[in-house]
Amino acid sequence: MNSNFRALLPPIIALALISIVPLVSPSLRPLLLVAMSISLCAIGLLILLRAGQVSFGHALYFAIGAYVVAFASRKGGLDLWVLLGLALICSVVVGALLGTILVRYRGIFYGMLNLAFSMLGYTIFLRAYDYTGGSDGLRVVSPPILGFSLGAYEFGWGLYYCAVALLALVFWVVHRYLHSPLGAALGAVKTNEVRLEYLGVSAYRVMFVAHVSAAGLAGLGGGLVAFSTGHVTPDLAYWSLSAEFVFVAVLGGTANVVGALIGAVSFELIRGYASAYAGNAWQLILGAVLVFVVLFAPQGLWGALQRMLPMRAKGKQL
């Protein structure tokens, strides 16, 4: 079997499952839609983690994507895909502007500077009441999809499968990126950046592309979550949401892009059921899950699943 197809087979299976589940259990559709939105941001963090960097401020780009969608949807007439394109462009532009400074730093300095810019953005969204609605936020107007104006029920289903299509495209593009020379250089930034420079490859350029890519993916996720909730607030830029994205990336694992989706779906299911049945202790439960994963499955849920599958396959052969 072709190695590229083998690598893409897990995402294909995951996308097939996430396409079918709402048809069997429609009540899970809103949860899975939010999970897909979060997974887009987690995929961006997966790229950064390949270089050994972690950002505690990518909720800023998530919020930018959401607010762009909220602002533009109020103008009326713009298609859903056009609005998502605007969210992507704006988050990429801001990511590029901040990236010129941020990618000069490594380790904790990179992570904390991202956090600082995110909190600055949160404050701007909160204080610019005349434009952002402050803590009250903004309502998102449901746009047409491919030129068709849909009712609330039809729009929900259309949005869901647009999210599946977008996620499939992102899986393919990020897979190609990570298997390109530029993507392969991410590992060299993590292990031996000096040697990478000696080979004539700019570590600054490698990190800049990674940072901007992660920002764009976060903006797409923010645009999707704005459509799914119908409302955006400054809390989308708060540091705790950035921490959730890191949690999801670590929970799912970084060995394959499908890890981000597995981590996001697991995170939303745990949070949803834990908050429903243990309202005062759901954060404790999430923390315990993360500790368990770090101790017993350091490669994340995808890594643990990979270890289980060969064992099962071997058992069947025997």
Side-chain angles (χ1 to χ4, degrees), residues 37-67 87-88 90-125 170 173-174 177-178 182-183 185-191 193 203-225 234-255 257 259-261 263-264 267 290 293-294 300:
S37 304
I38 292 175
S39 70
L40 288 171
C41 195
I43 291 171
L45 292 178
L46 179 151
I47 294 172
L48 295 174
L49 286 168
R50 289 287 182 95
Q53 307 302 311
V54 61
S55 169
F56 294 105
H58 264 59
L60 171 64
Y61 309 113
F62 193 76
I64 288 172
Y67 271 101
L88 172 64
C90 292
S91 56
V92 162
V93 169
V94 176
L97 291 173
L98 297 182
T100 56
I101 301 171
L102 293 169
V103 299
R104 299 178 186 275
Y105 299 91
R106 299 289 182 268
I108 190 64
F109 302 104
Y110 175 78
M112 296 309 292
L113 280 172
N114 272 286
L115 173 61
F117 278 116
S118 178
M119 293 309 295
L120 178 62
Y122 167 75
T123 304
I124 292 172
F125 289 134
V170 167
V173 171
V174 173
Y177 166 57
L178 292 177
L182 194 60
L186 292 169
V189 172
K190 180 179 180 179
T191 56
E193 187 174 335
Y204 179 90
R205 185 170 73 93
V206 171
M207 278 303 303
F208 183 80
V209 173
H211 178 87
V212 172
S213 300
L217 289 171
L220 280 176
L224 271 182
V225 87
D235 288 341
L236 292 176
Y238 201 60
W239 70 268
S240 59
L241 189 58
S242 294
E244 287 183 8
F245 296 149
V246 176
F247 184 107
V248 167
V250 173
L251 180 64
T254 62
V257 289
L261 180 59
F267 177 82
L290 182 60
V293 169
V294 170

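Nothing here was measured: the structure is a model prediction, and the numbers come from that model.
Here Phe247 pairs with Phe267 under the ring pair (Phe, Tyr, Trp, His ring centres under 6.0 Å) rule; sequence neighbours left out. Considering only residues two or more places apart in sequence or on other chains, Arg106 meets the side chain to side chain donor-acceptor pair (under 3.5 Å) condition with Glu193. Applying the side chain to side chain contact (heavy atoms under 4.5 Å, CB included) criterion to Ile124, with sequence neighbours excluded, gives Leu120. Shown here are the side chain to side chain donor-acceptor pair (under 3.5 Å) partners of Tyr110, two or more places apart in sequence or in another chain: His211.
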side-chain contact (heavy atoms from CB on, under 4.5 Å) between Val209 and Tyr177: does it pass, once the steps are laid out? CA-CA 10 Å; Val209 173; Tyr177 166 57; 3.9 Å; yes
Might you work through the side-chain contact (heavy atoms from CB on, under 4.5 Å) test for Leu48 and Val54, ending with a clear yes or no? CA-CA 6 Å; Leu48 295 174; Val54 61; over 6 Å; no
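Side-chain atoms of Ser118 never come within 3.5 Å of backbone atoms of Asn114 as a donor-acceptor pair (strictly under, hydrogens ignored).
Closest non-hydrogen pair, Ala59 versus Tyr238, comes out as CB-O, 3.7 Å. A pairwise comparison of heavy atoms in Leu251 and Gly263 identifies CD2-O, 3.5 Å as the closest pair. In this structure, Ile43 and Ala260 approach most closely via the heavy-atom pair CG1-CB, 3.4 Å. Annotation for Ile47 and Ser213: closest pair CD1-CB, 4.3 Å, computed over non-hydrogen atoms. In terms of heavy atoms, Ala185 sits closest to Val206 at CB-CG2, 3.8 Å. Here the closest non-hydrogen pair linking Val225 and Ser37 is N-OG, 3.5 Å.
Separation of atoms CZ (Phe109) and CD (Gln53) is listed at 11.5 Å; rounding is to 0.5 Å. Rounding to the nearest 0.5 Å places CG of Asp235 at 5.5 Å from OH of Tyr122. Note that CG of Leu224 and OG of Ser39 are 9.0 Å apart. Values are rounded to the nearest 0.5 Å. With rounding to the nearest 0.5 Å, the separation of CG in Leu186 from OG1 in Thr191 is 10.5 Å. Note: Phe62 CZ to Leu220 CG = 10.5 Å, rounded to the nearest 0.5 Å.
Between Tyr61 and His58, the angle of the ring planes goes over 60°, which puts this pair in the perpendicular group of the 30/60° scheme.
The side-chain hydrogen bond (donor to acceptor under 3.5 Å, both in side chains) pairs that include a residue from residues 90-102 number zero, where partners must be two or more places apart or lie in different chains. Judged as a side-chain hydrogen bond (donor to acceptor under 3.5 Å, both in side chains), the pairs with a partner in residues 239-252 (not counting sequence neighbours) are, in order, Glu244-Arg271.
Summarising the local packing, OH of Tyr105 is surrounded by 12 or fewer heavy atoms from other residues, nucleotides or ligands at distances under 6.0 Å.
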